[in-house]
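Structure record follows, encoded as structure tokens.
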Amino acid sequence: MNILDELRQRFAVVLKEVAPGGEKYVELVLPSQDARFGDYQANVAMPLGKQLGRPPREIAIELIARLVQTDLQTICEPLTEQAIAGPGFINLKLRNAWLAEQLQHALSDPRLGVAPASPAKTYIVDYSAPNVAKPMHVGHIRSTVIGNALYRILKFLGHRVIGDNHIGDWGTQFGMIIYGFKHFRDEAAYVRQPVAELARLYRLVSRLVDYRATQTESPKLEARLHAARQAAETARAQTPAEPAAAKKAAKEQQRLETRIKEAQGELDSARAKIAAVDQDPALANLVSAHPEIAAEVLAETARLHAGDAENLRLWREFMPYCLEDIERIYRRLGVEFDETLGESFYHDRLAPTVNDLQARGLARESEGALCVFLPGQSTPMIVRKQDGAFLYATTDLATIAYRKERWNPDAILYVVDHRQGLHFEQLFAAARAWGHQNVELVHVSFGTVLGDDGRPFKTRAGDTVGLEGLLDEAVRRALAVVAANDRSEAPPTGAESGGRDSHSTAETVGIAALKYADLAQNRTSDYVFSYDKMLAMNGNTATYMQYAYARVRSIFAKGEVDVDALLAKNPTITVDEPAERALGLEILRFSEALQLTVADYRPNQLTTYLFELANRFSTFFEECPVLKAPTPALRTSRLCLCELTARTLRQGLELLGIDVLERM
RNA sequence: GCGCCUGUAGCUCAGCAGGAUAGAGCAGCGCUUUCCUAAAGCGCAGGUCGCAGGUUCGAAUCCUGCCAGGCGUACCA
């Protein structure tokens, strides 16, 4: 049951009677923003008045006259002209008895009264997609966490959902590992800990390649710095007299200054990188012993793609280790996939894909590359490079074709960061031109994770932050929080932390904090990463939500209430106290929150709802004694509200991929 | 140059199904504990919703222009 839908259904009938096409205004039946204007409000009379050329209030009166004939009366308190406010708002207040009835229904329903979607659709959620040859880093967290939440929510809503991890398992990174394995491997270490040894080889080769690249890049950086300095000098020499022009010149001056600073910074870090290798005799030796390493790595990659027996054998040998490595993180995060079809899976489909594009006249050669030119696109999408190699655009097109063939999805969601916006714009346009019109392709984009300096989140040394280290640190800090609570003077009551395993609690709290902080953010914007903020006991954090849940559960523990026995008696719920009513209404709005979340694929709509629910509970808990309720009937009713709150919190958090704790 | 995104309280951010007096957390000030978890709650203060136009009965929300920042922009993913 979805309250908003119920109300809109009633309004649709009446709106149609009042004006032709009037049912389109049902969208204007909305939750009230202010409790003084009722629980919901219909803002339909104003536009209708416009359409019909009649005063809005008069229309509101007519609408009410018709509505009182319908079964809206069973849901809302009797509608009178008193309900009309301002220019013609109709304020709706739900009947307490109806609310209580719906709450009782939710109590007996494992789905908490949330009706399954009808019709159910097929979604493919493409998320996480790390490069499996290298360790996962902070850049993977948002895709993984947001994607998994959307996956869980769509599934709960009754859709058929395929979670697909489109891993990078076929790129240059494997060329690096293969090269490293052939030249630098420590056999004993590989036998003992293959994952660690492969990771070491990847890092080593990538560092050597990087050294060469940086070396060739350095003169260019110097030139850029020089050019910027010169431009600044020239600009300084000629300051215009005219004020407006002078202002513009000053701004340009500033821009040049920042460019100089940037160029200087890049040059410094490049030099530092080179120096670090030069100063390490072992590394310096390797560098001079492998001068063509970059080209060699590409050659190894090419051999792998061409089906070279040895490289293919090595790739097959390495893959399980690489997968094991990312799997360990997924287990910690509680993330699962239905499919892990990476780039390698589509390898044999690339040439046919390109051939088909060419045969249909969609792709043509330009500057030696095979390109798809699309109207309205300033740059083409390249599907085959000059050297004959395919690109991720090619793979993505082949992937769409495969998914259509295998699952015939209604929608494919790509949970990928916003910097790839252009790629998806081109990909979707190309896919449609290729004939895949009847599938909704959505780039569920998200912003960058920033450090507290407002720059992309890096370690102090300027390296990318490993995902595992990030999890460890969150857990470490969570442990400090949990331990601090243990030291608090209050002796553990029914459900306080006494006796539980601090480390496993910290793991749950830490991981939850990390995930929730990401999900609570509007995904489109960048966000500033802060351990302190995500682990705060106050505010919209996982820690607060888990605490709220534990508090509710503690009531049952303290009162030694057997929930099953309570529910078996078919208890009656009442919501006559304002705090009870507010809590009950919030519980019943779970379905609306999910609806809103899915509408724009924004999990923060759900976190906002849960935070609101926790707050309503807090007020309720403050104002309405539960175990010490004045009458047994009221005690039972309030226990039911507690139970519903706990279940809604648990269900909501579970949909976000977050575990709850019975005790904190 | 062109394209996409962002600009809301001192800070970090919600709100962008167009609706009535713009919200939260933190930071600041004040209050509450013979009471089921004080890891709490309540109150006060704090805003030209980047700027200027436009559409509308009504704009933080939609449109246009400008300003500021970020990102992207033919063979990496």
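Everything numeric in this text was worked out from a predicted model, so none of it was measured. A note on names: the letters A, B, ... follow the listed sequences, proteins ahead of strands, and every chain is numbered from 1.
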For A:C624, answer base if it contacts any base atom (sugar-phosphate contacts may also be present), sugar-phosphate if it contacts only those atoms, and nothing otherwise; contact means non-hydrogen atoms under 4.0 Å. base
At a cut-off of 3.5 Å, list every protein nitrogen or oxygen paired with a nitrogen or oxygen from nucleotides 10-13 of chain B, distance to 0.1 Å.
residue, atom, partner, partner atom, Å
B:U12, O2', A:K533, NZ, 2.4
B:C13, OP1, A:V528, N, 3.2
B:C13, O3', A:Q521, NE2, 3.0

Strand RNA chain B in bracket notation, Watson-Crick/G-U under 3.5 Å with | for pairs to another chain: (((((((..((((.....[...)))).(((((.......))))).....(((((..]....))))))))))))....
Using the C1' atom in both, what is the distance from B:G69 to B:G58, to the nearest Å? 32 Å
If we take the C1' atom in both B:U61 and B:G18, what is their distance in whole Å? 6 Å
Atom C1', compared across B:A9 and B:G72: separation rounded to whole Å: 32 Å
Parallel, tilted or perpendicular: which describes the rings of A:Y414 and A:F424, with under 30° parallel and over 60° perpendicular? tilted
Categorize A:A85 for me: base, sugar-phosphate, or nothing, with a 4.0 angstrom heavy-atom threshold over every strand shown. base
Looking for any heavy atom pair under 4.0 Å, which part of the strands does A:L596 touch: base, sugar-phosphate only, or nothing? base
Distance, rounded to the nearest Å, where A:R57 contributes CZ and B:A20 contributes P: 17 Å
Are A:P31 and A:D39 packed together at the side-chain level, in the sense that at least one heavy-atom pair is separated by less than 4.5 angstrom? no
Evaluate the ring planes of A:Y531 and A:F529, with Trp represented by its six-membered ring, and classify them as parallel (under 30°), tilted (30 to 60°) or perpendicular (over 60°). perpendicular
Check the interface with nucleotides 55-64 of chain B: list each N/O to N/O pair with the protein under 3.5 Å, or write none.
residue, atom, partner, partner atom, Å
B:C57, OP1, A:K50, NZ, 2.1

For B:C63 versus B:C31, give the span between their P atoms, rounded off to a whole number of Å. 49 Å
With heavy atoms under 4.0 Å as the rule, sort A:N604 into base, sugar-phosphate or nothing. sugar-phosphate
Taking only distance into account, with no hydrogens and no angle test, what donor-acceptor pairs under 3.5 Å do side-chain atoms of residues 595-602 of chain A form with protein atoms, sequence neighbours excluded?
residue, atom, partner, partner atom, Å
A:Q595, OE1, A:N2, ND2, 2.8
A:T597, OG1, A:A593, O, 2.7
A:T597, OG1, A:L606, N, 3.4

Run A:F620 and A:T645 through side-chain contact (heavy atoms from CB on, under 4.5 Å) and show every step you take. CA-CA 11 Å; A:F620 160 81; A:T645 303; over 6 Å; no
Sugar-phosphate, base or nothing in reach of A:Y609, heavy atoms under 4.0 Å: nothing
Test of understanding: with salt bridge (Lys or Arg N to Asp or Glu O under 4.0 Å), list the residues that count as partners of A:R364, not counting sequence neighbours. none
Along RNA chain B (nearest heavy atom to each residue), the more 5'-positioned of A:E623 and A:F390: A:E623
Taking any heavy-atom pair under 4.0 Å as a contact, classify A:T379: base, sugar-phosphate, or nothing. sugar-phosphate
Would you classify A:N91 as touching base, sugar-phosphate or nothing, given that sugar-phosphate means primed atoms plus P, OP1 and OP2, and contacts are heavy atoms under 4.0 Å? base
Need one value for A:Q605: base, sugar-phosphate or nothing, where a base atom within 4.0 Å counts as base even if backbone is also close, heavy atoms only. sugar-phosphate
Could you walk me through whether A:Y346 and A:H166 pass ring-ring contact (aromatic ring centres under 6.0 Å, His included), step by step? CA-CA 10 Å; A:Y346 296 97; A:H166 193 80; 5.6 Å; yes
Quick check: any donor-acceptor pair below 3.5 Å linking the side-chain of A:E343 to the base of B:A77? no
With sugar-phosphate meaning primed atoms plus P, OP1 and OP2, does A:L391 contact a base, only sugar-phosphate, or nothing at under 4.0 Å between heavy atoms? sugar-phosphate
Start with the C-alpha distance between A:F556 and A:L639, add both sets of side-chain angles, then the distance that settles side-chain contact (heavy atoms from CB on, under 4.5 Å), and finish with yes or no. CA-CA 8 Å; A:F556 290 90; A:L639 279 169; 3.9 Å; yes
Would you call A:D518 and A:R142 a salt bridge, taking side-chain N to carboxylate O under 4.0 Å as the test? yes
Applying a 4.0 Å non-hydrogen cut-off, can you work out what A:R602 is touching in the nucleic acid: base, sugar-phosphate, or nothing? sugar-phosphate
Look at the side chain of A:R36 against the base of B:U21 and say whether a donor-acceptor pair falls under 3.5 Å; ignore hydrogens and angles. yes
Between protein and nucleic acid, restricted to nucleotides 40-43 of chain B and to nitrogen or oxygen atoms under 3.5 Å apart, what atom pairs and distances do you find?
residue, atom, partner, partner atom, Å
B:A40, OP1, A:N538, OD1, 2.5
B:A40, OP1, A:N538, ND2, 3.3
B:G41, OP1, A:Y544, OH, 3.3

Hey, does the side chain of A:S378 come within less than 4.0 Å of B:C2's phosphate (OP1/OP2), counting only N and O? no
P atoms of B:U48 and B:A60, separation to the nearest Å: 14 Å
Distance between P atoms of B:C13 and B:U34 (Å, rounded): 40 Å
Between B:A20, B:U37, B:G72, spot the one nearest the side chain of A:F37, thanks. B:A20
Does A:T172 or A:P456 map to a spot on RNA chain B nearer the 5' end, using the closest nucleotide for each? A:P456
What's the separation between atom OG1 in A:T608 and atom CG in A:L613, rounded to the nearest 0.5 Å? 12.5 Å
Euclidean distance for P, B:G19 against B:G25 (whole angstrom): 23 Å
Measuring from atom CZ of A:F89 to atom CD1 of A:I84, what distance do you get when rounded to the nearest 0.5 angstrom? 12.5 Å
Is it true that the NZ or CZ of A:R8 lies under 6.0 Å from the centre of A:F11's six-membered ring and within 45 degrees of the ring axis? no
Less than 6.0 angstrom separating the ring centers of A:Y544 and A:Y547, yes or no? no
Is there, by distance only and without an angle test, a donor paired with an acceptor across the side chain of A:S366 and the base of B:A74 below 3.5 Å? yes
If the P atom of B:G65 is compared with that of B:C2, how far apart are they to the nearest Å? 11 Å
At what distance, to the nearest 0.5 angstrom, does OG of A:S591 lie from CD of A:E6? 9.5 Å
Quick one: which of B:A74, B:G19, B:A14 gets closest to the side chain of A:I382? B:A74
Decide if the gap between the ring center of A:H423 and the ring center of A:Y392 is smaller than 6.0 angstrom. yes
Out of B:U37, B:G19, B:A74, which has the shortest distance to the side chain of A:E367? B:A74
Given A:R616, which partner from the list A:E586, A:E622, A:E580 fulfils the salt bridge (charged side-chain N to carboxylate O under 4.0 Å, His left out) test? A:E586
Do the side chains of A:D417 and A:R419 get close enough for a salt bridge, i.e. N-O under 4.0 angstrom? yes
What's the CD-C1' distance between A:Q426 and B:U73, to the nearest Å? 9 Å
A:F611 stacking on B:A24: centroids under 5.5 Å, ring planes under 30°? no
Check for me: is A:F89 stacked on B:A20 by the 5.5 Å centroid and 30° plane-angle rule? yes
Would you mind reading off the distance between A:Q420 atom CD and B:C5 atom C1', rounded to a whole angstrom? 15 Å
Please report the distance, rounded to the nearest Å, between NE2 in A:H418 and C1' in B:U73. 13 Å
